[in-house]
Colleague: 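First, the structure itself, so that you have it in front of you.
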Amino acid sequence: MALVVMKFGGTSVADTDRIRNVARHIKRETDAGNQVAVVVSAMAGTTNQLVAWTKGAAGESVVEPREYDAVVATGEQVTAGLLAITLQAMGIAARSWCGWQIPIVTTDAHCSARIAGIDGAAIKSCLATGEVAVVTGFQGIEPDGQRIATLGRGGSDTSAVAIAVAIEADVCDIYTDVDGVYTTDPRMVPKAQRLAKVSYEEMLEMASLGSKVLQTRSVELAMTNGMRVRVLSSFAEPESLEPVKKGAWPEIGTIVCDEEEIVEHQTVSGIAYAKDEAKITILRVDDKPGVAARIFGPLAEANINVDMIVQNVTADGAHTDMTFTVPASELPRSLKVLNAARQEIGDFQVASSADVAKVSIIGIGMRSHAGVAARMFAALSEKGINIIAITTSEIKISVLIDAAYTELAVRTLHSTYGLDAE
Ligand code: ASP
Ligand code: MG
């Protein structure tokens with residue numbers, strides 16, 4: 001018997017028919033004698049609707065984070081109840097659990113809380129009686145036990161991994177509307193291929209660089225705890241999949257695991273892109289010690305995340321230009337903060353644009369291969385794509401380009417590194 005956590009995303013539970021389909025996936029596992037804890041998202045579109053309602057209610061004023069959480073956490077509660085009812089109707093013992101009932105204790109950072117601890121005992125004893133535990137994703141309860149808190153958009157993935165860790169599950173299966181993790185977005189590049197296995201580190205980069213398959217925090221959590229995660233499609237015929245067996249589950253979808261388990265490493269395993277950054281250029285600031293600190297200090301204090309940074313030398317040697325990126329949604333606020341710091345920074349002109357995209361190549365193989373960056377830059381230049389900024393880490397290289405060239409850049413790099421399907 002295996003202990004399995006199965007997580008189903010919004011499109012997988014979009015209506016009562018889809019929920020019945022999910023119940024069949026669960027039945028396949030319970031019929032095989034497995035113990036199952038399920039984590040569910042809100043039905044497709046529900047969270048967006050709930051968020052829109054909070055904004056509508058607040059009008060011109062700011063939405064109070066605690067009440068935002070009280071509203072948006074309801075989506076998952078509906079799905080959990082409906083799935084438990086569906087399972088019961090199929091003759092499978094089941095009950096729903098809200099975050100606070102377990103409890104899943106979070107930090108008190110409402111709207112983007114982190115999981116601080118989960119007591120797995122209640123779920124474990126529920127499972128031991130042969131019942132399926134259906135748990136709401138995305139939510140928990142803050143430390144003083146007074147209010148519901150949510151984990152940020154996409155947070156159900158993190159709930160699932162955290163629960164899998166807490167109950168020492170054999171595997172955490174994330175069911176979604178695609179059949180795995182791809183070398184790049186298949187909607188953009190039809191020749192994208194499913195990865196049979198991907199390392200935690202690569203997945204972490206992919207998630208934080210814009211692949212929407214898993215929430216970044218869920219990958220962090222899986223990596224630190226060595227929890228194996230499979231990404232697979234709920235749209236597959238439930239009975240066509242093999243149930244999990246202890247220690248030897250079938251290799252369906254994409255397995256996110258330790259790099260040691262991956263025999264063959266491509267230099268580059270994936271190409272990611274993100275269009276949600278904006279660039280700011282500060283022109284002609286003094287080129288002397290302390291200027292960077294005076295620019296980025298106020299942004300940091302305002303909690304604005306700066307990503308890529310390039311500093312140029314200008315011809316006169318006394319001044320410099322500084323280009324950097326911030327989340328596009330934070331552009332207006334960033335400009336305000338910079339203007340307010342004009343006194344400290346010294347006089348400068350500023351230019352900004354949200355028409356940029358960040359395109360990244362990711363691969364563990366980069367550690368041991370030279371010339372990966374040179375090849376990337378050459379491939380882009382052949383297509384006439386100008387690079388505005390570059391950042392690198394041990395296993396990724398990101399370039400900032402004009403947004404209009406995103407698709408061309410992604411396709412070009414995908415074939416440059418031999419990722420195109422035959
Ligand atoms: N329902 C939440 C959202 O749409 C959490 C999740 O689905 O992971 O962001
Ligand atoms: Mg998701």
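Along the sequence shown, the residues carry numbers beginning at 1.
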Colleague: Going by heavy atoms in the side chains, are Val291 and Arg294 under 4.5 Å from each other?
Modeller: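 They are in side-chain contact.
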Colleague: Sequence neighbours left out, what pairs pass side chain to side chain donor-acceptor pair (under 3.5 Å) with at least one residue falling in residues 2-14?
Modeller: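 The answer is Lys7-Asp157, Thr11-Asp177, Ser12-Ser234.
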Colleague: Counting only heavy atoms not in Lys27 (residues, nucleotides, ligands), do more than 12 fall under 6.0 Å from its NZ?
Modeller: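 It does not: Lys27 NZ has 12 such atoms or fewer within range.
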Colleague: First locate atom CG of Leu204, then atom CG of Leu221, and finally report the distance between them rounded to the nearest 0.5 Å.
Modeller: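 Taking CG in Leu204 and CG in Leu221, the distance rounds to 11.0 Å.
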Colleague: Which atoms form the tightest heavy-atom contact between Ser159 and Val39, and what is the distance?
Modeller: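 For Ser159 and Val39, the tightest heavy-atom pair comes out as CB-CG1, 4.1 Å.
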Colleague: Using 4.0 Å as the upper bound for N to carboxylate O, is an ion pair formed by Arg18 and Asp15?
Modeller: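 Answer for the salt bridge query: no.
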Colleague: How would you list, by chain and number, every residue that makes a ring-ring contact (aromatic ring centres under 6.0 Å, His included) with Tyr182, sequence neighbours excluded?
Modeller: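 Listed in chain order: nothing, the list is empty.
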Colleague: Answer yes or no: are there more than 12 heavy-atom neighbours, outside Gln193 itself, under 6.0 Å from its atom CD?
Modeller: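 Yes - once you tally the heavy atoms of other residues, nucleotides and ligands closer than 6.0 Å, there are more than 12.
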Colleague: Look only at the side chain of Arg333 and the backbone of Ala302, and say whether a donor-acceptor pair between them is shorter than 3.5 Å.
Modeller: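 Yes; judged by distance alone, with no hydrogens or angles, the pair exists.
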Colleague: Counting only heavy atoms from other residues, nucleotides and ligands, does the tally under 6.0 Å from CD of Glu344 exceed 12?
Modeller: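 Counting neighbours around CD of Glu344, more than 12 heavy atoms of other residues, nucleotides or ligands fall under 6.0 Å, so yes.
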Colleague: Mark yes when over 12 heavy atoms from residues, nucleotides or ligands other than Phe296 sit less than 6.0 Å from its CZ; otherwise mark no.
Modeller: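 Yes, because the 6.0 Å sphere around CZ of Phe296 holds more than 12 heavy atoms from other groups.
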Colleague: Flag the pair Glu394 and Arg367 as a salt bridge only when some basic side-chain nitrogen lies within less than 4.0 angstrom of an acidic carboxylate oxygen.
Modeller: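 Answer for the salt bridge query: yes.
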Colleague: Ser393 and Glu205: side-chain donor and acceptor closer than 3.5 Å?
Modeller: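 Per modelled atom types, Ser393 and Glu205 side chains form a pair under 3.5 Å.
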Colleague: May I ask you to check whether Glu142 and His110 show a side-chain donor-acceptor distance below 3.5 Å?
Modeller: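 The criterion, which ignores hydrogens and geometry beyond distance, is satisfied for His110 and Glu142.
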Colleague: Please check: side-chain N/O of Arg284 versus main-chain N/O of Asp347, any donor-acceptor pairing under 3.5 Å?
Modeller: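 No, Arg284 side chain to Asp347 backbone: no donor-acceptor pair under 3.5 Å.
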Colleague: Just by distance, do the side chain of Tyr200 and the backbone of Thr224 share a donor-acceptor pair under 3.5 Å?
Modeller: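 Judged by distance alone, no pair lies under 3.5 Å.
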Colleague: Taking atom CD of Glu202 and atom CG of Leu209, what is their separation to the nearest 0.5 Å?
Modeller: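 Rounded to the nearest 0.5 Å, the CD-CG separation comes to 12.0 Å.
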Colleague: Answer whether the closest heavy-atom distance between the side chains of Met308 and Ile390 falls below 4.5 Å.
Modeller: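 Side-chain contact under 4.5 Å: no.
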Colleague: Looking only at heavy atoms, which two atoms of Val105 and Pro143 are closest? And how far apart?
Modeller: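 Distance-wise, the nearest heavy atoms are CG1-CA, 4.0 Å.
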Colleague: Could you report the tightest heavy-atom contact between Leu283 and Asp321, atom names first, then the distance?
Modeller: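 Nearest heavy atoms, Leu283 then Asp321: CA-OD1, 3.5 Å.
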Colleague: Taking atom CG of Leu151 and atom OG of Ser156, what is their separation to the nearest 0.5 Å?
Modeller: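 Spacing of CG (Leu151) from OG (Ser156) equals 7.5 Å.
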Colleague: May I ask you to test the Met366-Thr392 pair for a side-chain heavy-atom distance under 4.5 Å?
Modeller: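 SC-SC contact between Met366 and Thr392 ruled out.
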Colleague: Got a salt bridge between Glu330 and Lys336, using NZ or NE/NH1/NH2 to carboxylate O under 4.0 Å?
Modeller: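 No, Glu330 and Lys336 are not salt-bridged.
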Colleague: Ion pair present between Arg24 and Glu237, side-chain N to carboxylate O less than 4.0 angstrom?
Modeller: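 The answer is yes: the pair qualifies as a salt bridge.
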Colleague: Can you sort out the partners of His25 under ring-ring contact (aromatic ring centres under 6.0 Å, His included), two or more places apart, ordered by chain and number?
Modeller: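 His25 satisfies ring-ring contact (aromatic ring centres under 6.0 Å, His included) with Tyr175 once adjacent residues are dropped.
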Colleague: How many angstroms lie between OH in Tyr417 and OG1 in Thr267, if you round to the nearest 0.5 Å?
Modeller: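 One finds 8.5 Å between OH of Tyr417 and OG1 of Thr267.
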Colleague: Quick check: does any side chain N or O of Thr79 sit under 3.5 Å from a backbone N or O of Gly75, one acting as donor and the other as acceptor?
Modeller: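 Present.
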Colleague: How long is the span from the CD1 atom in Ile345 to the CG atom in Asp286, to the nearest 0.5 Å?
Modeller: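 Those atoms lie 11.5 Å apart.
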Colleague: Hey, are the side chains of Arg342 and Asn339 touching, using non-hydrogen atoms and a 4.5 Å cut-off?
Modeller: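 They are in contact (side-chain heavy atoms under 4.5 Å apart), so the answer is yes.
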Colleague: How many angstroms lie between CD in Gln266 and CD1 in Ile362, if you round to the nearest 0.5 Å?
Modeller: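 Gln266 atom CD to Ile362 atom CD1 measures 13.5 Å (nearest 0.5 Å).
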Colleague: Do Val231 and Val198 touch side chain to side chain, with heavy atoms closer than 4.5 Å?
Modeller: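 SC-SC contact between Val231 and Val198 ruled out.
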Colleague: Pick one: which of Ile26, Val13, Val132 meets side-chain contact (heavy atoms from CB on, under 4.5 Å) with Leu83?
Modeller: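 Only match with Leu83 under side-chain contact (heavy atoms from CB on, under 4.5 Å): Ile26.
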Colleague: Write down the atom of Asp355, the atom of Asp402, and the distance for their closest heavy-atom approach.
Modeller: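 The answer is O-OD1, 3.6 Å.
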Colleague: Could you tell me whether the side chain of Glu76 and the main chain of Ala42 form a donor-acceptor pair under 3.5 Å?
Modeller: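 Yes; at least one donor-acceptor contact below 3.5 Å.
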Colleague: Would you indicate whether the side-chain heavy atoms of Met6 and Arg230 approach each other to under 4.5 Å?
Modeller: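 Side-chain contact under 4.5 Å: no.
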Colleague: Is there side-chain contact between Lys279 and Ser352, with at least one heavy-atom pair below 4.5 Å?
Modeller: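 Not in contact.
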Colleague: Mind listing the closest non-hydrogen atom pair of Leu195 and Thr254 along with its distance?
Modeller: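 So the two residues come closest at O-OG1, 2.6 Å.
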Colleague: Is it true that a side-chain atom of Asn34 and a backbone atom of Val36 form a donor plus acceptor pair closer than 3.5 Å?
Modeller: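 No: the side chain of Asn34 does not pair with the backbone of Val36.
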Colleague: Heavy atoms, side chains only, cut-off 4.5 Å: are Asp69 and Arg147 in contact?
Modeller: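 Asp69 vs Arg147: side chains apart.
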Colleague: On a heavy-atom basis, which atom in Ala207 and which in Leu214 lie closest, and how many Å separate them?
Modeller: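 Of all heavy-atom pairs spanning Ala207 and Leu214, the closest is CB-O, 3.5 Å.
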Colleague: Is a side-chain N or O of Thr412 found less than 3.5 angstrom from the main chain of Leu380, in a donor-acceptor match?
Modeller: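 Not confirmed, Thr412 side chain does not pair with Leu380 backbone.
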Colleague: Please check: side-chain N/O of Thr107 versus main-chain N/O of Arg114, any donor-acceptor pairing under 3.5 Å?
Modeller: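 It does hold such a pair.
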Colleague: Ignoring hydrogens and angles, tell me if any N or O in the side chain of Asp276 forms a donor-acceptor pair with the backbone of Ala328 under 3.5 Å.
Modeller: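 Side chain of Asp276 to backbone of Ala328: no pair is present.
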